[in-house]
Every structure is written in C-alpha cells, then in structure tokens.
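Comments concern the structure below.
By convention in this document, chain letters (A, B, ...) are assigned in the order of the sequence lines, proteins followed by strands, and residues within each chain are numbered from 1.
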Amino acid sequence: MGRAVGKQLYCFDFETESDCDLKACGSVVYSHHYSTEVICLCWNRVGEPDVGEWVPGALESTLTQLVEHQDTVFMAHNVGFEKAIWRNIMMPRYGYPDIPDDRWHDTMAVCAEKGLPLGLDEACRALRLPEQKDKAGSKFTIGLSKHTFDKTGMSKVNRPEDWRDIVIAYCHQDVAAEIALHKRIGWMEPKEREVWLLDQTINARGVAVDLAFVTAAQTIVRDAIAPLASQFMDATGLKFTQTAKLLAWFKARGLHIPNMQKGTLDSILGSDEHGHDDDIDWELFVPDMPEDLRRLLKIRQLIGSASIKKLDKMLECTWHGIAYNLLQYHGAGTGRWAGRLLQPQNFPRGVGRDMDHVVSAIMTGDHRYVDAVIGPPVEVVVGALRHALVSRPGKVFVVGDFAGIEARVVLACAGQHDKTALMAAGENPYIDMANQIFNRTDITKTDDIFEYTIGKNTVLGCGFGMGKDKFHLRYCPLQSLSFAERVIQTYRKEWAPEVPKLWYGLEAAVVKTVHDRTAHEAYGVEFWMERDGWLTARLPSGRKLWYYDPKPCTVHVPWDIAILKNAYTYGAQKTGHWQRVSGYGGLITENVVQALARDLMVHAMFICERENMPIVLTVHDEIVCEVDECGHDWAKMLQQIMEDRPQWAIDMQVPVTAECWQGDRYRK
DNA sequence: CGGCAATGCGCC
DNA sequence: AAACGGCGCATTGCCG
C-alpha cells in the first residue's frame, strides 16, 4: 500500500495559461481561477518510448485508459500543481475520473528528502544531468499569462502562430528532464513515502481563514497608517519602508542608528509599550533627541511592521475561506516542514493580550476604537494575525506543543542523563542552570527574572556550540563579555559536560567517513557514503539525513596556524541558492537533533490520524488538529498522544512533555 | 526594465 | 582549544 515502486510509471506534465499569479496564490486558487486553461498535458512512460499528449478537445481515449488502469502511477515535479489541475479542471471540465493520492509520485519530494534543491531546473543542474529543463520554453510559457503581458509584450494578438507547438515541445522537454532526474534520484524511502502521503492529506484539508476578521483588520491598518504615513512623507520625503535611506536621513541629522529593528527603536526611544525594561539596551538610548526626530521614529515603530502584508496574502491564497497547501514536505534539510503562501510558521507571537477582547475590537473595523480600548492599532493587528486562522463550523482546534524539545533531545543524545532525569521528574531545568551560573540555590522564576532568563537561554541556546560572543550579543549585551564567557563555560564544563563531547564525537565520525569513505558510528548515528555521491547519517529513529556531494578538505585550527585538521563540505540550499557548506560538530549535532525532534512529531502525527484527530497544520514542534466540537477533552487526549514515545526515544531516555489546549481560533 | 542577490524580520 | 541552526516573504538595490 502506498508504494509506487514496480507499477507502470508515467511522467505527467501540464502547461497552462492564466491571469492568476500561480506563485502568489498557490495551485488551488490558480486551478479554480476562471481564466486558467490547460494548453497541453504531455507524458512519457518511464523507461519506454511511450510518449503522448493531450490538448483540450482532443478526441482520444489513451488518457482515459491510463487513468483508469489502477496500476498506473503518475510522477510529476511538485504534484500539488498537477493534482490541482487534474481535480479542479480535468475532472469537472473534461469528465476524467479522480487519481487518488497514492497513485502520485513526486520527484520534488525525493529532492527534498535527499538534500537537493527543490526546483526542477536547480536540481538537474546540481546533479549535472545532461537532460535539463528548457529555460527559454519556461519563460515563453509564463509569458503567455496575461498578468505578464506588460513585461513581455506578448498578447493573444501577437503570439507567434505556432505558439501551441512551442509550448508542447517545451512540455516534452520538461518530461524528459523529470525522467532523467527520477532515474538519478530514485524513490523515497518507504517510511518517508507514508509521511509524504500524510503531508498531502494535510495540505488538501487546508485551514479556514476568518475572512471577515481579515477585512476588518485591513480596514484598521489602512485607516491607522494613512495619516501617520503622510506625516512621515512630509517630514522626510521618504516612505517609511525605505529603511536604508531612512538610516542615512537620520544620520545626516546627527542621529546614528544601527538599524530600524523593533528592539533597536525601543532602546533608542527609551521606552517600549509593555515595560520590559530588560530588553532595552540603554547604551543606544538617546535622551536628548530632538522631539521631531523622536516623533518620526515613533511613527516608524508603530507602522513599520512588514507582517501586516500577511493580511493581503491571506485573501489572495484562500479559496472559499480555506487556505490550502500551506506546508512544504521536508522543506528543511532536517525533514522539518517549511511554510508556504501565507506562511503559517512565522506569525508574530503578540504580547499575550486577551484574545477574545482583541478579536472583537478588531472586528469593529474601527481603528480609533481599537486604539481606545486596547492600544496602537497596527501593533494590535500584527499581534493578532494568527487569530485569522479558525476552525471550520462545528469543529474546534486542538493544539499541542512539545516543551523545549530540542534541548531535551540534545541532552538525551549526549547521554547527559542527570539532566534528562531532572526534566523527566518535572523539575525546571532553567532554574537548575541559573542556580549553577549564579552560584545560588534559591533562584525563582518570578523573583529573579534576569537570572531565570539567562538560565533558560543557556539551556535552550547552548546545545549546539554557541560561543561567548554570540551569547553576549544575543542574550546579555549589557553584561560584560566575561560574564557571557562564564555562562558558556558553566554550561560546557559543569552543567552539561557530555554535550561538547557529542559535538566532537559526531564531527570525528562524519569527517572520517568523508575522508576514508567507510562507515563510522557515534552516539547512535551511523555515517555512510552512499553510491552516487551522497553522505547519509542514519539516525536512532531509523531515518537517514542526506548530504549531497560531500568533499573532504583540511582547515587550519584557529588557535594554531601550523595545525591542520580534516574537515568536509557539502552542497546545500542556503539563503535561497545552492552553495557549498562547511560541516562542523555543532552543525551536525543541530541537524541530528532537529531531525530527531521532527521524527517525534511525525510519530505523534500518525497517532493523531489513527485516533481520528485530523491534522491541519504543523509548526515545527506544534501540531494543530481540527476535531468535532463536543464535550470531549481533546487537549488531554492530544497530550497523551504527543507524550507517547517511539521505542528509540524511550531507549535514548528523551523526556517528552507536551502542552495542549483547544479552541476555535489559533493562538499562541 | 527584469532578474537576482542581499537584507530585514517574523517564527521554531 | 571555534562556530547555534532551520525556514519564507517583502523590500531594496545592483547589474546587465
């Protein structure tokens, strides 16, 4: 079941034209758009000369036979697109039967699993395949869409006469490239195929968006920003989004600002809205700033949030109140999902205001009212963005969050069992850490906020080799550097001395594997050079992490120019493009730990599905299910599910706890 | 002018 | 005895 191997495999590729912007709206909205039309569907049976094509109105039965043959599996690169076209155009308009999820195979999912770029063209290039995607053809086809007319100058009247033939030829070339890619990368691991099928189910369910809430929020933002933006323009001649130019403008008036980030502005203005004086860097505070400049910075701070763009995005990518395909399977190299379209994984957290109060105020659409009863309207809306996601009528969200999961996994992985036992016993590890750092025994969460926060940040942040400089900059810029150094040393030497051994142990194993091309194991992770140019790390969970094109190298150690040590690099996607990355202990540890935390998620996700708690969203260490509204204590049930550990996690002694709640609106 | 890279900013 | 990593989207700015 679910296996696509051994069946008749057909590569399947649609070319379409539309006024709808596919990238912005997603494949579901695109496929439903009135203007979207199929130009052609081309296919080729993998390993056979069996090539075919379909165009609207074609009278032939080959396609019907293919689809009705239950042993036919259809392969595409990003099948979300092909599925949407099939189900929302081919079925309703042309009467074809459905192709169920388990008869699709996605080469993009395999690329994701094996650490390759997700784009077809980028993947083929990274693998140096002779068969490549036809870039000119792609540009031509995209140019057929009306929303690009102004850019390409092509329109229905001046298209070349043979434009359909050009597109069909391009489509066949894409099919050839996809087949070459498939032959090189093969199938998914069977267990990951099951995860991917679940991913497809979740993406097809979608999440409901409260459209009335979104439009009310848009009204508030628009009305609140307008007067402030024009004041700002009058004073500076600049739009408040032109960050670099603004910094120069302020500099010319004697005010040197490192950046326009929220925290920086809080510090410079010497006040933040919520009285967290801890967060303020008083060295940046400018007490004698001219009032006009202060006023401008204040405006920038109030309306400069880019997050409000999400409101537009929510409407754009929603079809009849549901946003589909918000998650990318294995979007991160470690197997975590990535967010797409309205990006549900980076909603601002807000500041813990009363949700019902905030939502009802926003629903009025009146920015003055929001200002009067809650606070600065734009800031209120930004903090409430996640509340736009709601459960469908008659349903309720049940949401669970793994507590400090990566810190727990790294300690368990390292064999730091005194600390995992402490967590398993329900004690607070952050207090334990803080007591050790400050040489005390009586620190509490409420009475020693600074000490507690340092303890927490140390436990959560230091498991992957962070150094004193980074810790200082990030968590305690007002303290001395030697304080940060002491914190780091306390973690590494006293609190969790097994953890640095984990970094160096994993590094030694992976470096040996890349250099001598034999298997090496450390801490339950087995490194191995696969055929065809991959390094893999088999995790205690049984899953493999894949690193493409690993190469041995040597580097100078930082403390002695004369000493060389073995190291390695590999190809990976970084800041949006394919480049070589240097591996090191902290990094490989981070990858392994993040991957294991993901596998704990997946374990819980399968149980949720089995127990009739359909998942609609995941956010790294958080599961969102949508269940029938009834008297049932769903939160309790989800907690039991998430705290059920797979055997490998029991063996590793990972202490797992989950915090769960239920409600009809998404919140933190 | 479009394409691409870098940057800023949100999250875990 | 060094190194925190993983994302996506919007915007800006540079280059051809």
Side-chain angles (χ1 to χ4, degrees), chain A residues 23-24 118 135 139 142-143 148 150-153 239-247 258-264 304-310 312-313 316-317 326-328 330-350 382-383 385-386 401-402 404-407 410 457-458 460-471 473-475 488-489 491-492 499-500 503-504 507 555-560 563 565 567 572-577 579 581-595 597-598 601 618-622 668:
Chain A
K23 198 168 160 286
L118 296 191
K135 256 196 155 170
K139 209 170 163 180
I142 291 167
T148 58
D150 294 342
K151 299 167 191 166
T152 62
K239 286 193 289 185
F240 59 87
T241 51
Q242 294 176 288
T243 313
K245 287 181 182 170
L246 275 178
L247 292 174
N259 55 56
M260 285 284 175
Q261 296 170 19
K262 183 169 171 14
T264 308
S305 172
S307 303
I308 49 177
K309 292 282 178 209
K310 270 210 198 314
D312 303 329
K313 198 72 191 176
E316 201 174 20
C317 70
L326 299 184
L327 297 175
Q328 170 64 49
H330 213 301
T334 54
R336 294 217 293 207
W337 275 264
R340 287 287 138 92
L341 300 171
L342 62 86
Q343 235 299 60
Q345 298 181 327
N346 75 343
F347 282 119
R349 295 180 64 105
V382 166
L385 283 170
R386 66 177 65 224
D401 200 333
F402 284 117
I405 191 63
E406 289 191 7
V410 77
N457 288 333
T458 306
L460 295 180
C462 292
F464 310 117
M466 185 191 296
K468 61 181 189 307
D469 296 317
K470 193 75 138 202
F471 189 93
L473 186 70
R474 179 169 297 187
Y475 298 124
I488 295 289
Q489 288 306 311
Y491 180 89
R492 294 183 186 180
V499 170
W503 308 334
Y504 303 127
E507 179 173 305
V555 293
H556 291 281
V557 298
W559 59 90
D560 188 340
I563 303 175
K565 72 166 187 173
Q573 201 77 5
K574 195 144 179 129
T575 52
H577 46 158
Q579 54 190 27
V581 172
S582 302
Y584 59 89
L587 179 62
I588 188 73
T589 303
E590 211 285 336
N591 284 189
V592 164
V593 167
Q594 197 179 95
R598 178 271 199 186
M601 278 278 290
T618 68
V619 187
H620 308 311
D621 59 359
E622 183 181 4
K668 200 55 217 170

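Look at A/Lys574 and you'll find a side-chain N or O under 4.0 angstrom from OP1 or OP2 of C/dG6. Using a 4.0 Å cut-off, some side-chain N or O of A/Tyr584 falls inside it from OP1 or OP2 of C/dG5. Side-chain nitrogen and oxygen atoms of A/Arg492 include at least one within less than 4.0 Å of the OP1 or OP2 phosphate oxygen of C/dA3. Considering only side-chain N and O atoms, A/Lys310 lies nowhere under 4.0 angstrom from the phosphate OP1 or OP2 of C/dA10.
The CD-P distance, from A/Gln594 to C/dG5, rounds to 12 Å in whole Å. Here C/dA3 presents its P atom at 11 Å from CH2 of A/Trp559, a figure rounded to the nearest Å. A/Gln579 has its CD atom 8 Å from the P atom of B/dA6, to the nearest Å. In this structure, CG of A/Leu460 is placed 14 Å from C1' of C/dG5, rounded to the nearest angstrom. The separation between A/Phe464 atom CZ and C/dG5 atom P is 11 Å, rounded to whole Å. Distance A/Glu406 CD to C/dG6 P: 11 Å, rounded to the nearest Å. A/Trp337 places its CH2 atom 15 Å from the P atom of C/dC7, with the value rounded to the nearest Å. Counting to the nearest Å, the P atom of C/dC7 and the CG atom of A/Leu342 are 20 Å from each other.
Taking only side-chain atoms of A/Ala338, from C-beta outward, the nucleotide of B/dG10, C/dG8, C/dG6 with the closest atom is C/dG8. Comparing B/dG10, C/dA10, C/dG6 by their nearest atom to the side chain of A/His620 picks out C/dG6. Among the nucleotides C/dC9, B/dC12, C/dG5, the one closest to the side chain of A/Arg340 is C/dC9. In the set C/dA10, C/dG6, B/dG10, the nucleotide with an atom closest to the side chain of A/Ser307 is B/dG10.
Here the side chains of A/Val499 and A/Tyr491 are in contact, with some heavy-atom distance below 4.5 Å. Residues A/Met601 and A/Trp337 form no side-chain contact, since every pair of their non-hydrogen atoms from C-beta on lies 4.5 Å or further apart.
Taking all atoms of both residues into account, the shortest heavy-atom contact from A/Leu341 to A/Cys317 is CB-SG, 3.9 Å. The two atoms that bring A/Leu460 and A/Gly404 nearest to each other are CD2-CA, 4.2 Å, heavy atoms only. For A/Lys23 against A/Lys313, the heavy-atom pair with the smallest separation is O-NZ, 4.5 Å.
Within 4.0 Å of A/Glu507, counting heavy atoms only, lies at least one base atom of the nucleic acid. Contacts of A/Phe347 with the nucleic acid, taken as non-hydrogen atoms under 4.0 Å apart, involve only primed sugar atoms and P, OP1 or OP2. Residue contacts shown for A/Gly463 are absent, as no nucleic acid heavy atom lies under 4.0 Å away. Using a 4.0 Å heavy-atom distance criterion, A/Ile405 is classed as making no nucleic acid contact. As judged by a 4.0 angstrom heavy-atom cut-off over every strand, A/Gly461 is placed among residues making no nucleic acid contact. Residue A/Gly467 is classed as a sugar-phosphate contact, given heavy-atom separations below 4.0 Å to backbone atoms only.
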Enumerate the protein-to-nucleotides 12-16 of chain C contacts in which both atoms are nitrogen or oxygen and the separation is below 3.5 Å.
residue : atom : partner  : partner atom : Å
C/dT12  : OP1  : A/Thr241 : OG1          : 3.2

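A distance of 8.5 Å separates CD of A/Glu590 from OH of A/Tyr584, quoted to the nearest 0.5 Å.
For A/Arg349 against B/dC11, a side-chain-to-base donor-acceptor contact under 3.5 Å is absent.
Secondary-structure annotation of DNA chain C gives the stems B:1-12 with C:5-16, with a stem taken as at least 3 successive Watson-Crick or G-U pairs whose two distances both fall under 3.5 Å.
Nearest-nucleotide assignment on DNA chain B puts the 5′-proximal partner with A/His577, out of A/His577 and A/Arg386. Comparing A/Glu590 and A/Lys565 by the nucleotide of DNA chain C that holds the closest heavy atom to each, the one mapping nearer the 5' end is A/Lys565.
Panel note: side chain A/Arg386, backbone A/Pro344; no donor-acceptor pair is recorded below 3.5 Å. Panel note: side chain A/Gln345, backbone A/Thr618; a donor-acceptor pair is recorded below 3.5 Å. Distance alone, capped at 3.5 Å, is enough to place a donor-acceptor pair between the A/Lys310 side chain and the A/Leu342 backbone. Remark: the backbone N or O of A/Gly463 is paired with a side-chain donor or acceptor of A/Trp503 at under 3.5 angstrom.
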Verdict with reasoning, A/Lys668 to A/Glu622, per side-chain contact (heavy atoms from CB on, under 4.5 Å): CA-CA 10 Å; A/Lys668 200 55 217 170; A/Glu622 183 181 4; 3.1 Å; yes

